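What's counted below: heavy atoms across the whole structure, side chains too, no hydrogens, waters or symmetry copies. Computed from a predicted structure; not experimentally measured.
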Amino acid sequence: MSDNRLPEEGDRIAKLLARAGVASRREIERMIAEGRVALNGKVLDTPAVKLNDLNGVTVDGKPVGKAQETRLFAFHKPAGMLTTEYDPKGRTTIYDALRNALPKDAGRVMPVGRLDYNTEGLLLLTNDGEVKRAMELPATGVPRTYRARAFGDVTQEQLDDLIEGVEIDGIRYGQIEANLERGSGRNRWIEMTLREGKNREVRRVLEHLGLEVNRLLRIGYGPFHIGDLPRGRATEIKRGDVEAFKRELARGFRK
């Protein structure tokens, strides 16, 4: 650049870095605030910088590569595993399993949302921070489907009432579709589809109904389902399916 002025055209730097798989936009904004991102040697102090490309951009002193094509992986997360890169207590994380589960050319991937330590099932991972952010936003309305095994008494009529949402301890949970699977006894399976993904939402809602959740699996996220993917294994979602999903994501899932 011929002077000290920053560019004013193009996309915000956080968006470009997210598309390049550096991190999510929120994480990148935090990195900028920490002085870890520079343009042509000038440390940036605002995420409002606009660029046409990532030429001259460094993160932690290292040049950033070009934005990659969006890749999406499905991972069957076992229970007893944290959705984080590092745990100071030394507990097992998803990245311990992903070292062997993902293809060697997968590069850096980020989990789409989280699954609690004791929650198992479908965890999507992507190299595209923009896609990650869009899938996680409650406003986008991407459906998440769970199967919960819960102990206690509940009726289908009680579950039907959740379609209007419910407020628990001052927190409003939006529309939930819930169906009691056939069976007998007080230990029953319930399938639930929600569109917000608030922290511990399924457990909190079922506990509010007087149920004790003793197993929880996520079986679907958007159009993607866990199917017969073995526990601890990962598979890449076909490129055509990813592109079709991105178009649907741009339109929004809410009816």
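Within the structure, salt bridge (charged side-chain N to carboxylate O under 4.0 Å, His left out) pairs that include any residue of residues 134-143 comprise Lys132-Glu136 (at least two apart or interchain). Within the structure, salt bridge (charged side-chain N to carboxylate O under 4.0 Å, His left out) pairs that include any residue of residues 171-180 do not occur (at least two apart or interchain). Residues in residues 207-217 take part in these salt bridge (charged side-chain N to carboxylate O under 4.0 Å, His left out) pairs, two or more places apart or across chains: Glu120-Arg215.
Under the salt bridge (charged side-chain N to carboxylate O under 4.0 Å, His left out) criterion, Arg233 pairs with no residue at all, not counting sequence neighbours. Judged as a side-chain hydrogen bond (donor to acceptor under 3.5 Å, both in side chains), and not counting sequence neighbours, the contacts of Tyr221 are Arg144. In this view, Arg204 satisfies the salt bridge (charged side-chain N to carboxylate O under 4.0 Å, His left out) rule with no residue, not counting sequence neighbours. Under the salt bridge (charged side-chain N to carboxylate O under 4.0 Å, His left out) criterion, Glu130 pairs with Arg25, not counting sequence neighbours. With sequence neighbours left out, the side-chain hydrogen bond (donor to acceptor under 3.5 Å, both in side chains) criterion links Thr235 to no other residue. The salt bridge (charged side-chain N to carboxylate O under 4.0 Å, His left out) check on Glu248 picks up nothing, with sequence neighbours excluded.
Using modelled atom types, no side-chain atom of Glu243 and backbone atom of Arg239 make a donor-acceptor pair closer than 3.5 Å. Using a distance-only test at 3.5 Å, with no hydrogens or angles considered, a donor-acceptor pair links the side chain of Thr93 to the main chain of Tyr95. Remark: side-chain polar atoms of Asn127 are paired, donor with acceptor, to backbone N or O of Arg71 under 3.5 angstrom.
Side-chain contact between Glu191 and Ile219: present, with at least one pair of heavy atoms (C-beta onward) separated by less than 4.5 Å. Under the 4.5 Å side-chain criterion, counting only non-hydrogen atoms from C-beta, Arg188 is not in contact with Val154. Inter-residue side-chain proximity for Pro111 and Phe75 is flagged as unmet; no heavy-atom pair is nearer than 4.5 Å. In this structure, the side chains of Leu249 and Met135 come closer than 4.5 Å at one or more pairs of heavy atoms. Annotation: side chain of Leu206 is in contact with side chain of Met192 (closest heavy-atom distance under 4.5 Å). Under the 4.5 Å side-chain criterion, counting only non-hydrogen atoms from C-beta, Val37 is not in contact with Val22. At a threshold of 4.5 Å between non-hydrogen side-chain atoms, the residues Leu17 and Met31 do not count as touching.
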Can you give the donor-acceptor pairs under 3.5 Å from side chains of residues 157-167 to other protein atoms, not counting sequence neighbours?
| residue | atom | partner | partner atom | Å |
| --- | --- | --- | --- | --- |
| Gln158 | OE1 | Thr155 | N | 2.9 |
| Gln158 | OE1 | Thr155 | OG1 | 3.4 |
| Asp160 | OD1 | Gln156 | NE2 | 2.8 |

Distance-only donor-acceptor hits, side chain of residues 54-61, under 3.5 Å, sequence neighbours excluded:
| residue | atom | partner | partner atom | Å |
| --- | --- | --- | --- | --- |
| Asn55 | ND2 | Asp53 | OD1 | 3.3 |
| Asn55 | ND2 | Asp53 | OD2 | 3.4 |
| Asp60 | OD1 | Arg36 | NE | 2.9 |
| Asp60 | OD2 | Arg36 | NH2 | 2.9 |

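Through ILVMFWY side-chain contacts below 4.5 Å, Leu137 is grouped with nothing and stands alone.
Ionic pairing of Arg186 and Asp153 is present here: one or more N-O contacts between side-chain nitrogen and carboxylate oxygen are shorter than 4.0 angstrom.
At a cut-off of 3.5 Å, with distance as the only test, no side-chain donor of Lys77 or Thr83 sits close to an acceptor on the other residue.
Considering Ile94, Leu72, Val112 as possible partners of Leu125, the one that fulfils the side-chain contact (heavy atoms from CB on, under 4.5 Å) test is Ile94.
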